[in-house]
Amino acid sequence: PADETGAWAGLSGKISGFKNVCEITAPSETSEALAIAVALREAVEFGHTPAALVTADRTLARRVSAELERFGIIADDSGGTPLDQTPPAALFSLMLGLAFDTPDPASLLSLLQHPLTSLGRDRKSARRGAEVIDLQFLRGEVLPLQPDAILALLRSPNKQTVKNGRDWKWSHRFEPHEIETAAELSLALGGALEPLRTLQSSELVSVAEASLASVRAFEAIGLDAETGLARLYGGEAGEKFAELLRALCALDGNFRFSPAEWPAVFRAFMSGQSVKPRHGSDPRVFIWGALEARLQQVETVVLGGLNET
């Protein structure tokens with residue numbers, strides 16, 4: 001009963017079942033995830049396996065999973081990773097935000113520096129071009145440009161304007177060929193977003209029409225000069241995202257909407273989907289939800305996310 005809840009704190013030394021139970025009060029969510037990861041790692045190191053984290057907090061589960069990877073342990077997470085938090089989906093969302101929402105330097109730079117952004121070049125060249133654009137256009141008061149003006153410049157870039165940037169504050173850091181790389185990257189980004197600009201000129205669109213235009217833009221942004229689209233659609237996350245895009249491109253129906261609503265419509269289709277690794281996880285470490293944990297037995301159990309808020 002609620003009146004007796006406080007008495008539980010003194011029972012650990014009186015009940016034999018609590019002999020090997022300890023409590024950790026973490027000062028932050030990051031510390032909590034690290035403490036759990038260390039406990040699971042110790043269970044693996046000293047042979048107290050199988051070991052499992054049981055929590056209903058998916059955010060905590062993802063934090064612990066990331067911390068375990070630092071120790072070389074890939075936990076078998078039954079909940080998987082939400083599809084919208086995978087690299088391909090993140091790049092797709094950044095692309096839609098840049099095309100349909102109010103642009104800002106942060107979102108533009110996030111897209112240009114995303115690990116899957118290549119824009120038809122090798123990754124190293126694309127990364128360097130993004131650095132030039134960042135320093136010359138998006139920092140300090142180098143140019144009196146508002147975010148929409150920056151985006152307009154990238155959509156309709158002028159090579160001479162970019163070359164003239166050598167007279168600006170950061171020009172001493174770049175060689176002429178790097179300035180040219182930034183100009184080419186700007187041109188490539190403008191071309192990649194063209195299908196979405198064409199889509200915006202329509203009054204109403206279907207899911208299939210919006211998806212086809214978005215896929216063309218997405219693949220133009222993720223196209224790598226060395227590996228093609230292999231990195232964009234590689235791994236479990238890439239395959240799962242490609243499966244979703246194929247389904248949306250083939251979707252038939254009378255549902256039509258304004259192009260400006262497409263980012264929200266896409267998020268609705270993607271919500272609730274997760275990516276679960278098919279293989280490669282450690283058979284000694286698990287992450288379970290409260291319901292499925294009732295049916296399992298392990299040597300070491302960590303109960304996480306027990307805060308009542």
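Note that the numbering runs from 1 along the sequence shown for the chain.
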Is [X] linked to [Y] within one hydrophobic cluster, defined over Ile, Leu, Val, Met, Phe, Trp and Tyr using a side-chain heavy-atom separation of less than 4.5 Å?
X	Y	answer
L91	L193	yes
I73	I36	yes
V298	L295	no
L245	L212	no
M270	I221	yes

Q) Going by atom types only, do S211 and S214 share a side-chain donor-acceptor pair under 3.5 Å? A) no

Answer whether the closest heavy-atom distance between the side chains of [X] and [Y] falls below 4.5 Å.
X	Y	value
V275	E239	no
P283	D76	no
L40	F286	no

**Q.** Intermediate values then yes/no, salt bridge (charged side-chain N to carboxylate O under 4.0 Å, His left out), E243 and R246
**A.** CA-CA 5 Å; E243 179 183 327; R246 284 194 297 268; 5.3 Å; no

For the atom pair [atom1] ([X]) and [atom2] ([Y]), what is the distance rounded to the nearest 0.5 Å?
X	Y	atom1	atom2	value
E226	S118	CD	OG	8.5 Å
L83	E236	CG	CD	12.5 Å
D282	I74	CG	CD1	8.5 Å
T55	D57	OG1	CG	5.0 Å
L68	I287	CG	CD1	6.0 Å
L94	S107	CG	OG	7.5 Å

Has the side chain of [X] got a donor or acceptor atom that lies under 3.5 Å from a matching backbone atom of [Y]?
X	Y	result
E194	G191	no
R231	D224	no
S28	S31	yes
E261	S258	yes
Q200	A99	yes

On a heavy-atom basis, which atom in [X] and which in [Y] lie closest, and how many Å separate them?
X	Y	value
L108	L189	CD1-CD2, 4.0 Å
H114	A90	NE2-CB, 4.1 Å
P259	L199	CG-O, 3.4 Å
E209	L204	OE1-O, 4.4 Å
L185	G129	CD2-C, 3.7 Å
A130	L109	O-CD1, 4.2 Å

Q: Could you pull out all residues at least two apart from A43 that satisfy side-chain contact (heavy atoms from CB on, under 4.5 Å)?
A: H48, A51, T300

Q) Among all residues two or more places apart in sequence or in another chain, which pass the side-chain contact (heavy atoms from CB on, under 4.5 Å) test with L229? A) E219, L223, L232, Y233

Charged N-O contact under 4.0 Å between [X] and [Y]:
X	Y	value
E45	R41	yes
E32	R63	no
E131	R128	yes
R58	D77	yes

Q. Is atom CD of E29 surrounded by more than 12 heavy atoms (other residues, nucleotides or ligands) closer than 6.0 Å?
A. no

Q: Just do the side-chain contact (heavy atoms from CB on, under 4.5 Å) check on E299 and T49 with the steps written out, would you?
A: CA-CA 5 Å; E299 182 72 17; T49 56; 5.7 Å; no

Q.
Assess the residue pair Q273 and D84 against the criterion (side-chain contact (heavy atoms from CB on, under 4.5 Å)); give the C-alpha distance rounded to whole Å, side-chain angles, the decisive distance to 0.1 Å, and a yes or no.
A. CA-CA 8 Å; Q273 301 200 44; D84 60 3; over 6 Å; no

Q. Which pairs, with at least one residue in residues 107-126 and sequence neighbours excluded, count as a salt bridge (Lys or Arg N to Asp or Glu O under 4.0 Å)?
A. none

Q. Taking the six-membered ring for Trp, are F257 and F255 parallel (under 30°), tilted (30 to 60°) or perpendicular (over 60°)?
A. tilted

Q | Result of checking W262, F269, F218 against F92 for ring-ring contact (aromatic ring centres under 6.0 Å, His included) | A | F218

Q: Could you walk me through whether T198 and S201 pass side chain to side chain donor-acceptor pair (under 3.5 Å), step by step?
A: CA-CA 5 Å; T198 302; S201 64; 5.7 Å; no

Q | Working for side-chain contact (heavy atoms from CB on, under 4.5 Å), residues F71 and V38 | A | CA-CA 9 Å; F71 300 134; V38 169; 4.1 Å; yes

Q: Test R62 against Q85 for side-chain contact (heavy atoms from CB on, under 4.5 Å), laying out the working first.
A: CA-CA 10 Å; R62 289 192 293 272; Q85 296 185 18; 3.0 Å; yes

